[in-house]
Amino acid sequence: MKKSFVKAERPFILLLSVVNICFVAACVIASVYLHSTSGVVVSEPGTEQATEPVKRMSAPTADEGDDTIGTLYVKITGQSVVLFDEDIDSGSGYAEVKIGSKYKYIDEKTDPLGNKWYKFQYTSEKTGWVNENSAALILTPPKGKESIRDHVAEVGKKYGAVGIQVAVIHRGMVGETYEYGYATKPSVPMGVDNKARAASVTKVVVGMNAMKMREEGIIDLDADISEYWNTRIAKPTTLRQILSHTSHLKYLQSSASRNGTLSQLKSAASYRSSNGWLYNNYAIGIAGTTLEVAANRTLQSYANEKFFDSLGIDAAFNSGEIKNKKLISTLYNPNDSVARTAAASAGFGKRGVGANSQFFAGGLTISAKDLAKLTAILANDGVYDGVRYLSEESVRLMETPVCTAESRGHDFEQCIPLRYQTDIYGQNRMYYHLGIAYGTLSIISYNPDTRDGVVVISTGASQVHDDRGIFKICSEIIDYIYNS
């Protein structure tokens, strides 16, 4: 077979080589043109793809004295990356591989234009080249992975974390995970499947369920919630207002019963005179409980059906409903004292419809890996691993700013209920949400343009913030990963 890099020793051979290369290049270009103009993408049956333009880049430089073949082409789809064969005569010239699959890293080169290329082995016999952007989708070179792992441990020690979980999203798919420290000291190391209270990140998952109910006609974001409670409440209030922290509701103590919650809603003393922005855990509890009343089922059962079961997620708003309770982590305060034991978290009893208000602001107990799957749905316009969970319209609604808010001296755009900032951690824009409760510090984050994201859940760490209003332990981890 003719290799990608050929050396001309005689003029006649050089002429034949040039003719042959031009013919093959024309075939490749024609194939790419047909793919790019027809919208046809080679992929696994049943997967939903988001086609991107073909990227034309120079080929990597051969050994000194050899000629390069001219141009290679790289095409990225929603779930796959095209990997071009080192052998220019083999088949159609490329193989399409699933993002998130692991392929052996072989070598790297920089071409005359400064573009970096990586060589991978993708079968027992075949190798191929992709540019640096595509290479990051299928495999971070081993030194990169170890560098991130070391950084997570370094940051964990710096801020005194007992345990950390990190999950990375590559182009809408969950990829690498990193763990540090303990789920329960000193005998249970933190593992990829251990579960901790994710704190206020819970609000985003409540929002996702609200959007799904909106799609199914169960609720209207702009209807007065009295419509679902079948009684008049003291002041007109909508789910859009509640989920964006712009309702009239005061910050009250959540009730543990349906009747108690309804009594609060009917009391004028539960409302403010204005509806300006107020970050409000109590109000999110009202949102979740209203969703239960509207659907006449617990939000847990609804989330299981619409999201968790299909995604292989064992998670619960009420930690007592976790299926594998042995995986629940102990929650630690920054001084290493126990904020809540694993047994206490596992011991919460199951409650009925309308009686779960206390859990919706921050009770979601989950692993970072599984939380990243839910985040990836948003990053990928409602789709995960070829399955649509939310419409594109629902994701856009969640991402639409409602007002400008402020936290610790830094402004951000408040969405439903995501937050949004631009020019942050090397990203042109980023949606995110923070969590803090019982010693847990957490963050979900994603860039809707690249569909990359990072999720962090930590226990026992120092609760200092950076100048963006984000916990330093979380910001230093996601900054490093986004820029690796």
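No experiment lies behind these values; they were computed from the predicted model shown.
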(request) With sequence neighbours excluded, tell me which residues meet side chain to side chain donor-acceptor pair (under 3.5 Å) with Asn483. (result) Asp479
(request) Determine which pairs satisfy ring pair (Phe, Tyr, Trp, His ring centres under 6.0 Å) with at least one residue from residues 286-320, sequence neighbours left out, and list them in order. (result) Phe317-Phe360
(request) With sequence neighbours excluded, tell me which residues meet side chain to side chain donor-acceptor pair (under 3.5 Å) with Tyr482. (result) Ser445
(request) Measure the OG1-CD distance between Thr400 and Gln414 for me, rounded to the nearest 0.5 Å. (result) 12.5 Å
(request) For Glu393, enumerate each residue passing the salt bridge (Lys or Arg N to Asp or Glu O under 4.0 Å) test, keeping only those at least two apart in sequence or located in another chain. (result) Arg214
(request) Taking side chain to side chain donor-acceptor pair (under 3.5 Å) as the test, write out the residues that go with Ser200, two or more places apart. (result) Lys203, Tyr279
(request) List in chain and number order the residues that pass salt bridge (Lys or Arg N to Asp or Glu O under 4.0 Å) with Arg272, two or more places apart in sequence or in another chain; answer none if no residue qualifies. (result) none
Atom pairs and distances, side-chain donor-acceptor, residues 453-464, under 3.5 Å, sequence neighbours left out:
{"residue": "Ser458", "atom": "OG", "partner": "Leu441", "partner atom": "O", "Å": "3.1"}
{"residue": "Thr459", "atom": "OG1", "partner": "Gly163", "partner atom": "N", "Å": "3.4"}

(message) According to salt bridge (Lys or Arg N to Asp or Glu O under 4.0 Å), who are the partners of Asp193, at least two apart in sequence or on a separate chain?
(response) Lys369
(message) Does anything in residues 333-353 form a salt bridge (Lys or Arg N to Asp or Glu O under 4.0 Å)? List the pairs, not counting sequence neighbours.
(response) Lys185-Asp336
(request) Would you mind checking if Asp224 and Arg232 are paired as a salt bridge, meaning a charged N to carboxylate O distance below 4.0 Å? (result) no
(message) Restricting to salt bridge (Lys or Arg N to Asp or Glu O under 4.0 Å), what partner residues turn up for Asp314, sequence neighbours left out?
(response) none
(message) Give me each pair satisfying ring pair (Phe, Tyr, Trp, His ring centres under 6.0 Å) with a member in residues 416-435, each pair once, sequence neighbours excluded.
(response) Tyr420-Tyr431, Tyr431-Tyr446
(request) Any salt bridge (Lys or Arg N to Asp or Glu O under 4.0 Å) involving residues 233-247? Give me the pairs, sequence neighbours left out, ordered by first then second residue. (result) Asp222-Arg240
(message) Would you call the rings of His245 and Trp277 parallel, tilted or perpendicular, taking 30° and 60° as the class edges?
(response) perpendicular
